[in-house]
*Asks:* 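Dropping a structure here in structure tokens format, bear with me for questions.
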Number of protein chains: 2
Amino acid sequence: MSTKNKILDAAEVLFSDKGFNGTSLREITSQAEVNLAAVNYHFGSKKELIKAVMSRYMNELSPRLESALGTLCSDEAKPSLIDVFSAFLDPLLHLNTFKDNGTSIFLQLLGRGYTDSQGFLRWFLTTQYPNVFTNFTNAVHKAYPELSAEEMFWRLHFTMGTIVFTMSSSDALIDIALNDFDRQVDIAGVIKQVIPYVAAGVAAPIVK
Amino acid sequence: MSTKNKILDAAEVLFSDKGFNGTSLREITSQAEVNLAAVNYHFGSKKELIKAVMSRYMNELSPRLESALGTLCSDEAKPSLIDVFSAFLDPLLHLNTFKDNGTSIFLQLLGRGYTDSQGFLRWFLTTQYPNVFTNFTNAVHKAYPELSAEEMFWRLHFTMGTIVFTMSSSDALIDIALNDFDRQVDIAGVIKQVIPYVAAGVAAPIVK
DNA sequence: TTAAAATTCAAACAAGCGTTTAAAATAGCT
DNA sequence: AGCTATTTTAAACGCTTGTTTGAATTTTAA
């Protein structure tokens with residue numbers, strides 16, 4: 001295992017757990033059992049390391065997501081909103097085969113990135129992977145064409161908030177579910193619970 | 001204006017903007033034009049200052065919220081979910097008269113607190129202000145009794161995520177709405193948009 | 001007015017941060 | 001083998017962090 005990958009593996013777990021600001025390079029390098037200076041040697045800076053951690057996941061996810069949403073758009077049949085959101089399920093769960101707990105880690109990273117660091121990750125994702133966003137918007141528009149661009153804007157951001165926030169605290173929530181309901185839930189179970197919620201939210205009657 | 005209040009006023013704005021970890025005591029005290037040591041003298045520690053900032057809002061909000069949700073529960077008529085979520089509107093907007101931009105600041109603080117600091121604010125709120133949570137749960141149950149406790153648990157957390165995440169990035173979203181749609185939106189407008197969304201989400205068909 | 005209490009202040013503290021340096025070690029190549 | 005380029009290492013850098021100190025100042029009350 002290369003030093004670079006040892007760093008990435010340790011960093012993604014710590015970042016997802018304690019946030020980007022909350023994780024120091026010393027924690028990462030001691031967890032990875034490499035020298036402190038290795039981060040700056042291989043990645044240049046902490047900021048670049050964060051980008052590298054996210055890129056590793058996005059490069060795995062984004063083609064599958066584009067494909068899934070793309071076929072939904074090119075199909076003749078009009079998809080339901082449930083179809084649109086369900087299209088995320090397989091690409092996201094595929095991250096679990098790509099890496100242990102990959103789905104959960106990635107979604108937590110996403111949540112961290114949106115609130116930490118004053119939105120620089122938002123910029124990074126929307127500029128580096130714009131196709132995912134436009135494909136998603138198009139798919140939702142096809143499923144619910146009555147929604148105006150402005151209403152769509154708000155509801156998609158509400159949806160993003162639901163997903164990202166839920167996933168960034170999913171470990172705590174899964175713990176509570178285990179204690180209060182004796183129910184063993186995994187990340188796939190949470191995603192399946194959230195899909196009808198966001199689909200119904202986006203499909204809500206248009207407010208006057 | 002007392003030193004204590006000068007600190008609280010400066011802290012809440014900086015905390016809501018840059019998070020708890022992202023704001024230093026030196027930024028706060030220089031913004032408040034007080035000595036650095038004043039924070040530790042008056043509050044004991046940074047953590048206690050964070051609690052004090054949140055308490056000032058919660059003490060203003062929680063009785064109004066309990067009352068609004070309480071009457072909803074004690075009324076004979078069965079409320080709609082829209083009624084339940086709308087009950088938050090007045091108490092939240094009241095924070096604007098209590099303080100300039102109070103609603104927005106408080107909701108952003110809430111969002112920060114849920115992701116920063118590994119959930120210690122979640123513990124603080126649920127243990128210090130438990131009535132708000134139980135009243136809310138009861139009101140939702142009355143509006144939608146078919147929902148099981150477990151499903152309710154998940155959907156209420158999805159809702160919390162939607163609200164908190166949206167509000168913590170509401171400034172950025174309001175900016176985008178201004179640029180893309182020439183639409184001047186304020187925090188009350190965002191709240192009114194989000195109510196039908198979360199109401200529909202909670203009311204979504206029960207997943208098998 | 002005077003003594004005690006509360007508050008403010010400048011300064012320093014120890015600890016942690018990301019980053020840089022230059023020497024040591026390793027690897028790749030002719 | 002011997003030279004070059006790459007990588008690893010320990011140490012230190014400069015800076016920021018939250019907190020503490022003890023003296024100066026202001027406020028309070030008798």
Side-chain angles (χ1 to χ4, degrees), chain A residues 1-56 109 112-124, chain B residues 1-56 109 112-124:
Chain A
M1 167 98 66
S2 71
T3 301
K4 229 169 159 167
N5 280 327
K6 278 198 262 183
I7 293 174
L8 287 172
D9 288 347
E12 67 173 31
V13 174
L14 289 167
F15 281 154
S16 73
D17 226 48
K18 320 164 58 155
F20 299 112
N21 294 333
T23 305
S24 70
L25 295 185
R26 283 169 177 81
E27 290 180 84
I28 294 171
T29 52
S30 79
Q31 184 76 238
E33 296 181 316
V34 302
N35 189 274
L36 166 63
V39 169
N40 287 279
Y41 177 75
H42 286 285
F43 298 95
S45 69
K46 184 180 181 181
K47 206 165 207 167
E48 290 299 320
L49 170 63
I50 296 173
K51 286 189 195 172
V53 166
M54 294 308 295
S55 292
R56 200 162 60 146
L109 286 172
R112 295 296 186 179
Y114 260 72
T115 47
D116 279 17
S117 61
Q118 280 163 307
F120 113 86
L121 197 69
R122 187 202 309 250
W123 165 87
F124 173 68
Chain B
M1 167 101 66
S2 71
T3 299
K4 228 169 161 168
N5 280 325
K6 278 197 262 183
I7 292 173
L8 287 171
D9 288 348
E12 65 173 31
V13 174
L14 289 167
F15 281 154
S16 73
D17 228 47
K18 319 166 57 156
F20 299 114
N21 293 334
T23 305
S24 71
L25 295 186
R26 283 169 177 80
E27 289 180 83
I28 294 170
T29 52
S30 78
Q31 184 74 241
E33 296 181 319
V34 303
N35 188 274
L36 167 63
V39 170
N40 288 279
Y41 177 77
H42 286 285
F43 297 95
S45 68
K46 184 180 181 181
K47 206 164 206 166
E48 290 299 319
L49 171 62
I50 296 174
K51 287 188 194 172
V53 165
M54 294 309 293
S55 292
R56 200 163 58 147
L109 286 173
R112 296 294 187 179
Y114 260 72
T115 48
D116 279 16
S117 62
Q118 279 162 305
F120 113 85
L121 197 70
R122 186 202 312 249
W123 165 87
F124 173 69

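Below, read A as the first sequence line, B as the second, and so on, with proteins coming before strands; counting in each chain starts at 1. Just so we're clear, the structure is a prediction, and the values are computed from it rather than from any experiment.
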*Asks:* In whole Å, what is the span from the CE atom of Met1(B) to the C1' atom of dT7(C)?
*Replies:*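 It works out to 18 Å between those atoms.
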*Asks:* Using the side-chain heavy atoms of Ser24(B), tell me which of these nucleotides is nearest: dT20(D), dG18(C), dG18(D).
*Replies:*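 Taking heavy atoms from C-beta onward, the closest nucleotide is dG18(D).
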*Asks:* Across all strands, who's sitting opposite dT1(C) as a Watson-Crick or G-U wobble pair, both distances under 3.5 Å?
*Replies:*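 Base-paired to dA30(D).
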*Asks:* Starting from the 5' end of DNA chain D, give me the residue, Glu33(A) or Arg26(A), whose nearest nucleotide shows up first.
*Replies:*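 The 5'-side residue here is Glu33(A).
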*Asks:* Which of these nucleotides, dT19(C), dC17(C), dT8(D), is closest to any side-chain atom of Asn40(A)?
*Replies:*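 Within the option list, the nearest is dT19(C).
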*Asks:* Could you state the CG-C1' distance from Leu14(B) to dG18(D), rounded to the nearest angstrom?
*Replies:*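 That distance rounds to 16 Å.
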*Asks:* Between dG18(C) atom P and Ile7(A) atom CD1, what is the distance in whole Å?
*Replies:*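 Answer to the nearest Å: 13 Å.
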*Asks:* In whole angstrom, give the distance that lies between atom CD of Glu48(A) and atom P of dT20(C).
*Replies:*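 Rounding to the nearest Å, CD of Glu48(A) and P of dT20(C) are 12 Å apart.
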*Asks:* Would you indicate, yes or no, if dA6(C) has its OP1 or OP2 atom less than 4.0 angstrom from a side-chain nitrogen or oxygen of His42(B)?
*Replies:*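 Indeed not, no polar side-chain atom of His42(B) lies that close.
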*Asks:* Could you tell me which non-hydrogen atom of Lys4(A) sits nearest to which non-hydrogen atom of Phe43(A), and how far apart they are?
*Replies:*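 In terms of heavy atoms, the two residues are closest at CG-CZ, 3.6 Å.
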*Asks:* Starting at atom NZ of Lys4(A), determine the distance to atom P of dT6(D), rounded to an integer number of angstrom.
*Replies:*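 Going from NZ in Lys4(A) over to P in dT6(D) covers 13 Å.
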*Asks:* Can you tell me how far P of dT17(D) sits from CD of Glu27(B), to the nearest Å?
*Replies:*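 Between P of dT17(D) and CD of Glu27(B): 6 Å.
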*Asks:* So which heavy atom on Lys46(B) is nearest to which on Leu25(B), and how close?
*Replies:*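 In terms of heavy atoms, the two residues are closest at CG-CD2, 3.9 Å.
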*Asks:* With rounding to the nearest 0.5 angstrom, report the CG to OG1 distance, Asn35(A) to Thr29(A).
*Replies:*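 Asn35(A) atom CG to Thr29(A) atom OG1 measures 7.0 Å (nearest 0.5 Å).
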*Asks:* Starting from P on dG18(C), measure out to CG on Asn21(B) and report it in whole angstrom.
*Replies:*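 From Asn21(B) CG to dG18(C) P: 13 Å.
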*Asks:* Rounded to the Å, how far apart are Asn35(B) CG and dT20(D) P?
*Replies:*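 Going from CG in Asn35(B) over to P in dT20(D) covers 15 Å.
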*Asks:* Any side-chain heavy atom of Leu109(B) sitting closer than 4.5 Å to one from Phe20(B)?
*Replies:*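 Touching, per the 4.5 Å side-chain cut-off.
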*Asks:* NA contact type, Ser2(A), heavy-atom cut-off 4.0 Å: base, sugar-phosphate, or nothing?
*Replies:*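 No contact at all - Ser2(A) keeps every heavy atom at 4.0 Å or more from the nucleic acid.
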*Asks:* Using side chain to side chain contact (heavy atoms under 4.5 Å, CB included), reason through Asp9(B) and Met1(B) one step at a time and then give a plain yes or no.
*Replies:* CA-CA 10 Å; Asp9(B) 288 348; Met1(B) 167 101 66; 3.7 Å; yes
*Asks:* Here's a test of your reading of the structure: between Ser45(B) and Thr3(A), which maps to the more 5' nucleotide of DNA chain D?
*Replies:*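 The residue whose closest nucleotide sits nearer the 5' end is Thr3(A).
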*Asks:* If you check the Tyr41(A) side chain, which of dT8(C), dT8(D), dG18(D) turns out closest?
*Replies:*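 Among the listed nucleotides, the one closest to the side chain of Tyr41(A) is dT8(D).
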*Asks:* Need one value for Thr23(A): base, sugar-phosphate or nothing, where a base atom within 4.0 Å counts as base even if backbone is also close, heavy atoms only.
*Replies:*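 If one applies the 4.0 Å heavy-atom cut-off, Thr23(A) turns out to touch the sugar-phosphate alone, with no base involved.
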*Asks:* Let's see if you can work this out: which of dT9(D), dT19(D), dT19(C) has an atom nearest to the side-chain heavy atoms of Leu36(A)?
*Replies:*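 Comparing dT9(D), dT19(D), dT19(C) against the side chain of Leu36(A), the answer is dT19(C).
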